[in-house]
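Whatever order the structure lists them in is the order used to number ligands and atoms, beginning at 1. Owing to the predicted nature of the structure, the values given are computational and were not obtained by experimental measurement.
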Amino acid sequence: MAEFEEDRDMRNLLICDGIIVTAERSIPADLFIENEKITEIGPSLERKDAYVIDAQGKLIFPGGIDPHVHLDLPMFDTISSDDYYTGGKAAAFGGTTTLLDFVPQTQQTLKASVDVWKEKSKSRACIDYGLHMNITRLDEKILDEIPALIDQGITTLKVFMAYNGRLRLQDGEILRVMRQAAAHGMLTMLHAENGDSIELLTQEALANKNTSPEWHALTRPAWGAAEAVLRGIALAEEAAAALYIVHLNTAGGVEQLQSGRGRGVRVMGETCPAYLYFTMEHLRREDGAKWVCSPPMRSRADNQVLWQALSDGKIQSLGTDHCPFFYDGNKAILYEGKPIAIPGKELGEKDFTKIPNGLPGVGDRLPILWTFGVGQGKISAQQFVALTSTNPAKIFGLYPKKGALKVGSDADIVIWDPERTITYGVEYAQHRTDYNLFEGWELVGYPETVLLRGKIVVHKEKWMGKAGMGQFVPRIPNAEII
Ligand code: URP
Ligand code: ZN
Ligand code: ZN
């Protein structure tokens with residue numbers, strides 16, 4: 001494809017001769033875009049006044065939807081190092097055009113917390129985004145306020161069974177949130193770990209001077225995750241509520257998910273790329289802090305069960321839980337030519353409980369899943385699109401505006417070069433941090449051009465997006481259960 005001439009009128013675009021890949025099928029077809037929307041799909045389309053993109057040999061996907069990111073999130077004595085601009089840009093380079101971020105409950109009311117978050121995101125967002133509300137403190141007033149979130153375009157609530165004394169709700173409180181959500185067609189999202197055992201094991205580890213990163217995983221046992229998934233599903237069953245389990249990391253959790261779905265509970269699950277490839281051994285490395293996130297990396301056997309669950313359709317969604325921190329926040333990196341350093345993992349050099357929890361990943365998700373999922377025959381191209389775009393769109397009430405290549409859908413499009421081979425790493429990934437977990441991995445298949453509502457934001461190495469061009473996407477309740 002020729003380089004884009006930036007002064008050309010690109011309001012109408014015709015993408016020719018590519019293979020359109022959706023969650024259902026792959027078909028050779030052209031695609032016409034007008035006023036930010038897909039307006040026609042079919043063979044041999046012709047439009048005299050359109051800017052033509054030749055996509056011969058390329059695959060056309062709906063833009064990726066990452067249902068789980070944390071941008072600009074204050075944690076311990078720092079903040080996650082990507083904001084709505086830098087995180088959105090990294091997402092776009094990796095083929096993702098919509099992000100769903102979490103609003104921390106920082107103000108007296110939920111409305112005020114959302115207003116604060118919307119205010120800081122709107123001028124920086126460079127791709128589209130929606131919001132989930134964290135419910136981390138509950139009283140009668142907060143409970144009553146939950147339905148009004150729908151007027152602010154928020155239909156999803158995240159609750160935590162871990163992070164005692166910080167974010168955790170008690171089971172009875174979670175049950176009340178789930179009932180309220182169910183009564184208004186909202187979806188509860190659950191962080192499933194066993195908070196009490198984590199608290200005890202952490203105290204014991206510190207008392208015994210066990211302070212290295214591997215203790216982050218050793219104090220958060222796998223049985224606790226499986227038990228919490230079981231408990232969460234039981235609460236959802238009791239409340240007749242829909243439930244989405246975030247960041248599944250264990251075989252036991254997958255088993256419980258499967259069992260709940262088998263008995264008709266409306267529960268769905270998400271895993272994240274890191275849990276497919278890495279294990280506790282990575283936390284034992286000298287630079288183990290790079291892998292510290294919650295829930296933690298587990299074993300090879302867990303990796304394999306998670307892969308199998310993606311391939312069998314037992315897990316419905318692949319998010320990233322993108323929540324990056326610098327590995328060494330004392331050393332500046334150059335971001336868009338300017339030096340920047342943000343305190344990061346070094347804060348926990350002497351004490352694993354002070355390592356900010358979280359990993360970079362928003363830009364890695366599609367390229368890594370394509371090479372090691374589709375490329376190695378673990379999932380089909382249809383499943384790839386379903387897991388990274390269409391299913392999150394359906395579950396979170398964005399479909400068919402997003403997550404689809406249909407007439408009337410937003411023209412969020414990835415033109416994917418299945419032949420592009422790269423040695424991946426921190427430079428390619430574009431996250432605003434100083435490391436990448438997949439450093440040096442050989443990838444085959446990568447986005448060539450990415451469009452957000454019909455505007456080209458990425459072409460090969462070139463960034464054509466801008467802060468402020470991303471829009472908040474309000475959602476309506478009663479989304480699909482898949
Ligand atoms: O380590 C993580 N995942 N940090 C972000 C917060 C969460 O629990 O998702
Ligand atoms: Zn979580
Ligand atoms: Zn998270």
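- Against a heavy-atom cut-off of under 4.0 Å, Lys158 is close to the following atoms of ligand 1: 7 (C), 8 (O), 9 (O).
- Restricting His191 to its N/O/S atoms, the shortest distance to the Zn ion (ligand 2) is reached by ND1.
- Between Tyr163 and ligand 1 there is a heavy-atom distance shorter than 4.0 Å.
- Contact check for Tyr277 versus Trp307: side-chain heavy atoms found under the 4.5 Å cut-off.
- The angle His247:NE2 - the Zn ion (ligand 2) - Lys158:NZ amounts to 120°, with values rounded to 10 degrees.
- Salt bridge status for Glu227 with Arg231: present, with a side-chain N to carboxylate O gap under 4.0 Å.
- Taking each heavy atom of Arg179 and Glu238 in turn, the nearest pair found is NH2-OE2, 4.3 Å.
- Side-chain contact of Asp66 with His322: a donor-acceptor pair under 3.5 Å is absent, judged by distance alone.
- Of the possible polar contacts, none joining the His184 side chain to the Ala181 backbone as a donor-acceptor pair under 3.5 Å is found.
- Side-chain contact of Arg475 with Thr155: a donor-acceptor pair under 3.5 Å is present, judged by distance alone.
- Among the atoms of His70, an N, O or S atom falls under 2.8 Å of the Zn ion (ligand 3).
- Remark: Glu140 engages Arg176 in a salt bridge, criterion side-chain N to carboxylate O under 4.0 Å.
- Of all the atoms in ligand 1, the ones that sit under 4.0 Å from a non-hydrogen atom of Asp321 are 2 (C), 3 (N), 5 (C), 9 (O).
- The Zn ion (ligand 3) sits nearest to atom OD1 when only the N, O or S atoms of Asp321 are considered.
- The shortest heavy-atom contact between Lys401 and Val473 is CE-CG1, 3.7 Å.
- Shown in contact with His247 at under 4.0 Å from a heavy atom are these atoms of ligand 1, numbered in order with element: 8 (O), 9 (O).
- In the candidate list Val246, Leu359, Leu167, Asn357, Asn357 is nearest to atom 4 (N) of ligand 1, counting heavy atoms.
- Contact atoms of ligand 1 toward Cys293: 1 (O) (distance under 4.0 Å to a heavy atom of the residue).
- Proximity to His191 (heavy-atom distance under 4.0 Å) selects the following atoms of ligand 1: 8 (O).
- Among the atoms of Pro295, no N, O or S atom is found under 2.8 Å from the Zn ion (ligand 2).
- You'll find the ring centres of Phe438 and Phe278 inside the 6.0 Å limit.
- The protein non-hydrogen atom at the shortest distance from atom 1 (O) of ligand 1 is Ser294 N, 2.8 Å.
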